[in-house]
Each structure stands twice: as structure tokens, then as C-alpha cells.
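Here the structure is laid out as C-alpha cells; the discussion comes afterwards.
All values below come from the heavy atoms of this structure, side chains included, with hydrogens, waters and symmetry mates left out. Count residues from 1 along the sequence.
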Amino acid sequence: LLREHEPEEWTQFPEEPGTRLGRYAHAFANNYNSVCYNPENITPAERKLLDSYEGWTSPVWRDRAALVDPTGFGYRYGLTYWTYQDPGLGEPWLTDLARNVRPTVFNGGSVPAAQVIAGEYDVVFNLGDVFGVRAQRTGAPLQCTSGEYAPYYVWSSALSSDAPNPAGGEVFVDWLFSEHGQLALQESLAYSGRRAGLPPVVDAEWWDFRDDPRLIDEQLVRRNQSALVDTVDRLFGGAVE
């Protein structure tokens, strides 16, 4: 279904395993998974708790928190990383989160992000940093942190093998991977462009970028997604949105 095409400026992009599929698909952007909070409604000591995943499970967040469940794609896959890729966390950590916090669960980030901004919740777990960037641009009170490292999900482009305008598709993909295309992506969608040398999309003191970001393993997601959704439903009571 896909046609081979390598973007003209692909050499300017990092090639971690999992960020390309042969000469068919290439990652052009990513989102980081995080916990986002209303800085007007938490104390400095509570803010410090959010820098560790153990702090996310503190009883101090009980009845103050929301959670984005792992259904869907993209930033929602953060729970997959913390449950299946980090041997120090896993289901015991998820159980602690449910026991100590009992957040309200949503199957997407837009509604809980808006509710944190409005002060209806103080924090929302498993939200993409993109919401914090967009809030920062409008002056809304929503900030984010990645915890002890930054799991991230990549977005990729590919060309259809039977596209009606193959040449036009190649022109667009080549532009998307150019410096101009990457800057436009960051300005319009607030996704993090992956091209080397770009200014950070998150230009704020509240985002403490980690030295060891962790790519979410999409193969692992596919193997465990159904079981993780069932586990979240069992521990937290299912999505409400």
C-alpha cells in the first residue's frame, strides 16, 4: 500500500530504531507524555512531587486528578510505556495510582486539559505536552512535566502506492521535512519537529526536558493494548468522557 520515498533532507533527522520503516515511512514529529497541572492550584511541594512517578501516586492528589486512558493513539500510549517498558513501574505502579489517586478517567486529552485550566481538576496524568504548549501560547494556566524521563510517540509520513498525484505527494513530504516545514509544524500544531537544530517547541521553564527521552515501542503497544485497557477499566472504573 505504500510507495518508497525518502525525504530529500532525511539526513538531518535522528534515526533511532522505530522512527522509520525502510524507505516507506519516516518520523517527522513527536509528542512527549507527561502530567499537566494548573500552577495556580498546587503548592511548590506538590509541584515537586510531579517530578517523580512515585510522586504521581501520592494520596495528596486524591479527588483532584484526571487520567487519560490508553485507548486511541499518540500521547495516550504513555501508560503503555510506564506499565510495560519500565521494569521499575509496571502494574504495581498503576495499582498504586488507582489506590492512592482514583482519578476521573477520560478517553482523550482535550476535555480534562480544559477542565484543569478551568480549575475543576488540579492535575491530569498521561497527557501530551502539546496541550501545555498550546495553553502557554494563549496564557492559560496549564503546565506540564515528564516525570523522571520523557516517553514520546512519533508521527510519520508515507506515500500511497496508488495516489492520484504522486509528484505532488513527494513535494509535500519533502517540504514537511525541510526546515521551513518543520518550523511551520511547530507553529501550527505545537508538535515537536524532529529535525536537528530546531528551536524547542516548549520554550518555558516549566518543561524540564530530560537527557534520556524514551521512545514508546509501538510493537509492544499492539501486543499489550487490549490487556492494558482492560486493566485500566478494572483499576479505575473505565472512561467517563
Please tell me whether [X] and [Y] have a donor and an acceptor in their side chains that are separated by less than 3.5 angstrom.
X: S192; Y: Y32; result: no
X: W82; Y: N33; result: no
X: R76; Y: N126; result: no
X: D86; Y: Y149; result: yes

As an exercise, state the distance from [atom1] of [X] to [atom2] of [Y], rounded to the nearest 0.5 Å.
X: F131; Y: S34; atom1: CZ; atom2: OG; result: 9.5 Å
X: L67; Y: L97; atom1: CG; atom2: CG; result: 6.5 Å
X: S178; Y: E9; atom1: OG; atom2: CD; result: 5.5 Å
X: N30; Y: Y191; atom1: CG; atom2: OH; result: 11.0 Å

List the steps and the verdict of side chain to side chain contact (heavy atoms under 4.5 Å, CB included) for V221 and L228.
-> CA-CA 9 Å; V221 169; L228 182 56; over 6 Å; no
Determine whether more than 12 heavy atoms belonging to other residues, nucleotides or ligands lie under 6.0 Å from atom [atom1] of [X].
X: E205; atom1: CD; result: no
X: D212; atom1: CG; result: yes
X: E54; atom1: CD; result: no
X: E15; atom1: CD; result: yes
X: E120; atom1: CD; result: yes

Which is it for R64 and V123 under the side chain to side chain contact (heavy atoms under 4.5 Å, CB included) test, yes or no, and what are the steps along the way?
-> CA-CA 7 Å; R64 302 170 61 190; V123 301; 5.7 Å; no
Okay, side chain of N100, backbone of T57: is any donor-acceptor separation there less than 3.5 Å?
-> yes
Before accepting this row, confirm whether a basic side-chain N of the pair R223/E218 lies closer than 4.0 Å to the acidic partner's carboxylate O.
->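 A salt bridge is absent here (no side-chain N lies under 4.0 Å from a carboxylate O).
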Using a strict cut-off of less than 4.0 Å between a Lys/Arg side-chain nitrogen and an Asp/Glu carboxylate oxygen, indicate whether R194 and E16 qualify as a salt bridge.
->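 The answer is yes: the pair qualifies as a salt bridge.
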Flag side-chain contact, heavy atom, 4.5 Å: W56 against W93 =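 The answer is yes; the side chains approach within 4.5 Å.
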Would you say Y53 and F125 make side-chain contact, with heavy atoms under 4.5 Å?
->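 With C-beta onward as the side chain, the pair stays apart.
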Test R47 against T145 for side chain to side chain contact (heavy atoms under 4.5 Å, CB included), laying out the working first.
-> CA-CA 9 Å; R47 168 61 185 83; T145 180; 3.8 Å; yes
